[in-house]
K.L.:
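This is the structure I want to talk about, given as structure tokens.
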There are 2 protein chains.
Amino acid sequence: MAARDALEIVQGKWRIPIVISLTFGDKRFGQIQRDIPDISPKMLSQELKALEVNKLLTRTIHDTMPVTVEYSLTPLGKSMNKLIEDILDWGVYFRQEVLEK
Amino acid sequence: MAARDALEIVQGKWRIPIVISLTFGDKRFGQIQRDIPDISPKMLSQELKALEVNKLLTRTIHDTMPVTVEYSLTPLGKSMNKLIEDILDWGVYFRQEVLEK
DNA sequence: CCGAATCCTGTTTGATACTG
DNA sequence: CAGTATCAAACAGGATTCGG
């Protein structure tokens with residue numbers, strides 16, 4: 001089932017939020033962390049790695065001083081755009097129907 | 001963030017598969033279990049309850065002999081349709097791009 | 001600033017057996 | 001048929017400390 005493959009990538013509290021953060025442009029570690037206030041550096045580091053392994057994003061080291069590391073979505077990562085929009089849309093709908101009634 | 005609300009509902013290995021199973025019609029406990037071969041009765045029971053609490057499905061007891069219980073998506077549950085399609089689509093794409101290359 | 005490495009905890013999940 | 005009960009394993013997440 002294709003759902004299983006997709007779900008495995010998307011599972012966990014943080015991956016979708018990370019991808020969302022990067023849809024608005026390439027970011028550095030600290031910038032992503034600011035977008036997702038309650039993520040610990042450990043989890044961010046760990047999830048970024050997982051997403052890199054699955055080819056959703058790339059990690060580029062800029063040899064500046066001090067070193068900066070930039071994260072950027074791959075085309076595959078960007079292809080989640082539609083999926084993410086639907087998640088957001090559905091989240092809004094769900095909120096109206098359940099949380100606010 | 002609306003993403004958070006949606007994600008909380010959708011999280012876990014089994015909820016999406018359960019909703020998928022029910023999009024093809026109302027089902028009974030054992031039928032869902034057959035659709036999702038590796039789910040344990042415990043997990044199925046637990047996740048069905050969670051989905052019921054979140055108003056994604058209803059549980060109807062038919063007073064037959066023996067008793068049968070039928071699960072059926074609510075309009076809110078059905079509203080996940082588009083989301084689920086996109087998950088499946090993206091899963092197929094992901095498979096092509098990563099798993100088969 | 002951008003992480004890596006360890007250690008530790010609670011929740012989630014699973015295997016299995018059993019019940020009305 | 002439609003679940004519960006119990007026990008164990010796995011995993012996610014957090015706290016803290018350290019390094020270039």
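Because the structure is predicted, anything quoted here is derived from the model rather than measured. So that the names make sense, note that chain A is the first sequence line, chain B the second, and so on, each numbered from 1.
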K.L.:
Identify, with sequence neighbours excluded, every residue that meets salt bridge (charged side-chain N to carboxylate O under 4.0 Å, His left out) alongside A/E8.
P.N.:
none
K.L.:
Determine all donor-acceptor pairs shorter than 3.5 Å in which one atom belongs to a side chain in residues 73-87 of chain A; sequence neighbours excluded.
P.N.:
| from | atom 1 | to | atom 2 | distance (Å) |
| --- | --- | --- | --- | --- |
| A/T74 | OG1 | A/K55 | O | 2.6 |
| A/T74 | OG1 | A/L56 | O | 3.2 |
| A/T74 | OG1 | A/L76 | N | 3.3 |
| A/T74 | OG1 | A/G77 | N | 3.0 |
| A/S79 | OG | A/L76 | O | 2.5 |
| A/S79 | OG | B/W90 | NE1 | 2.9 |
| A/K82 | NZ | B/D86 | OD1 | 2.8 |
| A/K82 | NZ | B/D86 | OD2 | 3.4 |
| A/D86 | OD1 | B/K82 | NZ | 2.7 |
| A/D86 | OD2 | B/K82 | NZ | 3.4 |

K.L.:
How many angstroms lie between atom OH of A/Y71 and atom CG of A/D26, to the nearest 0.5 angstrom?
P.N.:
12.5 Å
K.L.:
With sequence neighbours excluded, what pairs up with A/R95 under the salt bridge (charged side-chain N to carboxylate O under 4.0 Å, His left out) test?
P.N.:
B/D5
K.L.:
5' to 3' on DNA chain C, which nucleotides open and close the contacts with chain A (atom under 4.0 Å from a heavy atom)?
P.N.:
C/dC1 to C/dC7
K.L.:
Going by the rule side chain to side chain donor-acceptor pair (under 3.5 Å), which residues pair with A/Y93 if we only count those two or more places apart in sequence or in a different chain?
P.N.:
none
K.L.:
side-chain contact (heavy atoms from CB on, under 4.5 Å) with A/V67: which residues, sequence neighbours excluded?
P.N.:
A/I61
K.L.:
To the nearest 10°, give me the bend of the helix from C/dC1-D/dG20 to C/dG20-D/dC1, comparing the axes of its five terminal pairs at either end.
P.N.:
50°
K.L.:
What residue pairs, at least two apart or across chains, pass ring-ring contact (aromatic ring centres under 6.0 Å, His included) with a residue in residues 13-53 of chain B?
P.N.:
none
K.L.:
Produce a footprint string for nucleotides 3-15 of chain D: one letter per nucleotide, 5' end first; B if the base is under 4.0 Å from any protein heavy atom, S if only the sugar-phosphate is, - if neither.
P.N.:
BBBB------BBB
K.L.:
Tell me: CD of B/E70 to C1' of D/dC1, nearest whole Å?
P.N.:
13 Å
K.L.:
Going by the rule side-chain contact (heavy atoms from CB on, under 4.5 Å), which residues pair with A/V92 if we only count those two or more places apart in sequence or in a different chain?
P.N.:
A/Q96, B/A2
K.L.:
Could you list the residues that satisfy salt bridge (charged side-chain N to carboxylate O under 4.0 Å, His left out) with A/K27, not counting sequence neighbours?
P.N.:
A/D35
K.L.:
Show me the donor-acceptor pairs, under 3.5 Å and distance only, between side chains in residues 39-52 of chain A and residues at least two apart or in other chains.
P.N.:
| from | atom 1 | to | atom 2 | distance (Å) |
| --- | --- | --- | --- | --- |
| A/S40 | OG | A/M43 | N | 3.2 |
| A/E47 | OE1 | A/R15 | NE | 2.6 |
| A/E47 | OE1 | A/R15 | NH2 | 3.4 |

